[in-house]
Protein chains: 2
Amino acid sequence: MPKLGMEPIRRAALVKATIDEIGAVGNLDVTVSNIARRAGMSSALAHHYFGGKDQIFLAAMRHTLRVYAAEVRAALADADGHKDRLAAIIRAGFTSSNFQPEVIAAWLNFYVLAQTSEDAHRLLRIYQRRLHSNLMHDLRPLIGGRAAGAALRIAGLIDGLYLRQGLARDPAGQGATAQVLALLHAELRGGAQ
Amino acid sequence: MPKLGMEPIRRAALVKATIDEIGAVGNLDVTVSNIARRAGMSSALAHHYFGGKDQIFLAAMRHTLRVYAAEVRAALADADGHKDRLAAIIRAGFTSSNFQPEVIAAWLNFYVLAQTSEDAHRLLRIYQRRLHSNLMHDLRPLIGGRAAGAALRIAGLIDGLYLRQGLARDPAGQGATAQVLALLHAELRGGAQ
DNA sequence: TTCTTTATTGACTCGTCAATCAAGAAAAAC
DNA sequence: GTTTTTCTTGATTGACGAGTCAATAAAGAA
């Protein structure tokens, strides 16, 4: 009983199923059949709507980035003043939703994919540039010329500590946030020149 | 004409071929046949000496870590004083040899592997602990109680900036080293508390 | 010399998976 | 009511890959 307008529903279901499946398997060795089964349809339909495996992966990556961007936006909406906004950006990277196993798996595998897929690399650059520009926007008024270096270090520390915490067997633990916030305060105090 | 004592030679050739092949392909979707061909032997021989694909990967990971550890040791041998030694540890992580495409690919894929393979996870922990303990050894005499946090931040920044620089299309660029050194100086000056 | 150990491979098995296709079924258009 | 469009799948194809095995060959031991 084919309802019309199924395309967006099917695509969304496939994207979610892809991320879940990558999270369950841990790498990109996931089959279109398993993704499709998880999304409640045949593998032929997945091919019909996405054309191929690569495009399914890219759609999943776009979705992951979109979710993260939305979280940052929401956190910024509740923040007041440059310093508060910077702290909000940092905290948004370490919320528990970012540490769901399937989200961690998605990020790690997208890093791998970015080595060989131009599209994946482009998407990752968008994330990096957005983070950098968000940081700069509030760092510049506070520390002027030292903002550029500080933004590089803060962004790098966010990525590095996310990587470490994501790979730790311990599911919880918000020590990473505190470390990045400590760096932020040092930068604001003029620590690194 | 089978010479005796081929095992260590074959194993070393396979490990090197594995890293090269992962670098060429960009991910762990490499076939035992291709690795073996690159190493100049049949795939059956690779299975004979390693037992299976997983063990070949682990051997490659061990080798990558061993090379890195040797570089750090060599850099430390030429360094004098706590401050100099800390700088040497940081620089060792960003030498050009660490940015060979096959080395970058190895690291990224080992991160992915560490999610699901207990052995890979264990090896990664060894790397992390060694780095942390190296940093602590020279930080503690300099800044005492603040060493623990500083070591976390420096190690995190090394990982994060390596990730970023490794994924950048630009092959050269040693800006990352400077950023970590800047953080080091800030920590020594008592910037982050 | 005969036996055992080490080295080596081609051929084969068994499984998996991406992608295609023809065909069916329901809604909408005409 | 017929045609067209959208949705859907089972079955199939074609390819590839991990791991096994029997067989060959040389070196050393007995």
Side-chain angles (χ1 to χ4, degrees), chain A residues 1-61 105 109-110 112-113 116-117 119-120, chain B residues 1-61 105 109-110 112-113 116-117 119-120:
Chain A
M1 53 290 264
K3 313 270 172 66
L4 289 209
M6 288 304 285
E7 175 151 359
I9 297 166
R10 294 300 199 186
R11 290 181 82 103
L14 282 167
V15 164
K16 169 152 182 21
T18 301
I19 294 171
D20 288 349
E21 186 71 12
I22 292 174
V25 174
N27 54 46
L28 296 185
D29 274 342
V30 294
T31 70
V32 176
S33 299
N34 282 354
I35 292 171
R37 180 173 323 127
R38 200 181 268 265
M41 70 194 80
S42 75
S43 75
L45 199 54
H47 278 99
H48 174 67
Y49 280 124
F50 275 100
K53 211 180 173 180
D54 301 356
Q55 280 129 72
I56 300 182
F57 282 160
L58 283 178
M61 187 165 176
N109 281 288
F110 291 157
V112 168
L113 199 59
T116 54
S117 158
D119 294 304
Chain B
M1 55 290 267
K3 314 268 171 68
L4 289 210
M6 290 302 287
E7 176 152 357
I9 298 166
R10 294 300 200 187
R11 290 179 82 102
L14 281 167
V15 164
K16 170 154 181 21
T18 301
I19 294 172
D20 288 348
E21 186 71 10
I22 291 174
V25 174
N27 54 46
L28 295 185
D29 273 341
V30 294
T31 69
V32 175
S33 300
N34 282 354
I35 291 172
R37 181 173 319 127
R38 198 181 269 264
M41 72 195 80
S42 75
S43 75
L45 198 54
H47 277 100
H48 174 66
Y49 281 126
F50 275 99
K53 211 180 174 180
D54 301 355
Q55 279 129 72
I56 299 181
F57 283 161
L58 284 179
M61 187 166 176
N109 281 288
F110 291 155
V112 168
L113 198 58
T116 54
S117 157
D119 295 303

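When reading the values below, keep in mind they use all heavy atoms of this one structure, side chains included, and skip hydrogens, waters and symmetry mates. Proteins get letters first, then strands, A, B, ... in listed order; numbering begins at 1 in each.
By the salt bridge (Lys or Arg N to Asp or Glu O under 4.0 Å) test, A:Arg10 pairs with no residue at all, sequence neighbours left out. Evaluation of the side-chain contact (heavy atoms from CB on, under 4.5 Å) rule for B:Ala39 yields B:Ala13, B:Leu14, B:Ala17, B:Met41 as partners, not counting sequence neighbours. Contacts of B:Thr116 classified as side-chain contact (heavy atoms from CB on, under 4.5 Å), with partners at least two apart in sequence or in another chain: none. For B:Asp119, the salt bridge (Lys or Arg N to Asp or Glu O under 4.0 Å) partners two or more places apart in sequence, or in a different chain, are B:Arg122. For A:Val25, the side-chain contact (heavy atoms from CB on, under 4.5 Å) partners are A:Glu21, A:Asn27, A:Val30, not counting sequence neighbours.
Protein atom CE of A:Met41 is 12 Å distant from nucleotide atom P of D:dC7, rounded to whole Å. In this structure, B:Arg37 atom CZ and C:dT8 atom P are separated by 18 Å, rounded to whole Å. Remark: C1' of D:dA18 and CD1 of B:Ile56 are 10 Å apart, rounded to the nearest angstrom. Separating the CG atom of B:Asn34 from the P atom of D:dG19 is a distance of 15 Å, rounded to the nearest angstrom. To the nearest angstrom, P of D:dT6 lies 16 Å from CD1 of A:Ile9. Rounding to whole angstrom units, CE of residue A:Met6 and P of C:dA26 are separated by 15 Å. Taking atom NZ of residue B:Lys53 and atom C1' of nucleotide C:dG15, one finds them 14 Å apart after rounding to whole Å.
Closest heavy-atom contact between A:Ala46 and A:Ile56: CB-CD1, 4.4 Å.
Looking at which nucleotide of DNA chain C each of A:Thr31 and A:Gly51 is closest to, the 5′-most match is held by A:Thr31.
Within residues 42-50 of chain A, the residues approaching DNA chain C are A:Ala44, A:His47, by heavy-atom distance under 4.0 Å. Heavy-atom distances under 4.0 Å link DNA chain C to A:Val30 of residues 10-30 of chain A, given in residue order.
For residues 46-60 of chain B, no pair satisfies side-chain hydrogen bond (donor to acceptor under 3.5 Å, both in side chains), with sequence neighbours left out.
In this structure, the separation between CG on A:Leu45 and CZ on A:Phe50 is 10.5 Å, given to the nearest 0.5 Å. Expressed to the nearest 0.5 Å, how far CG of B:Asp20 lies from CG of B:Asn34 amounts to 12.5 Å.
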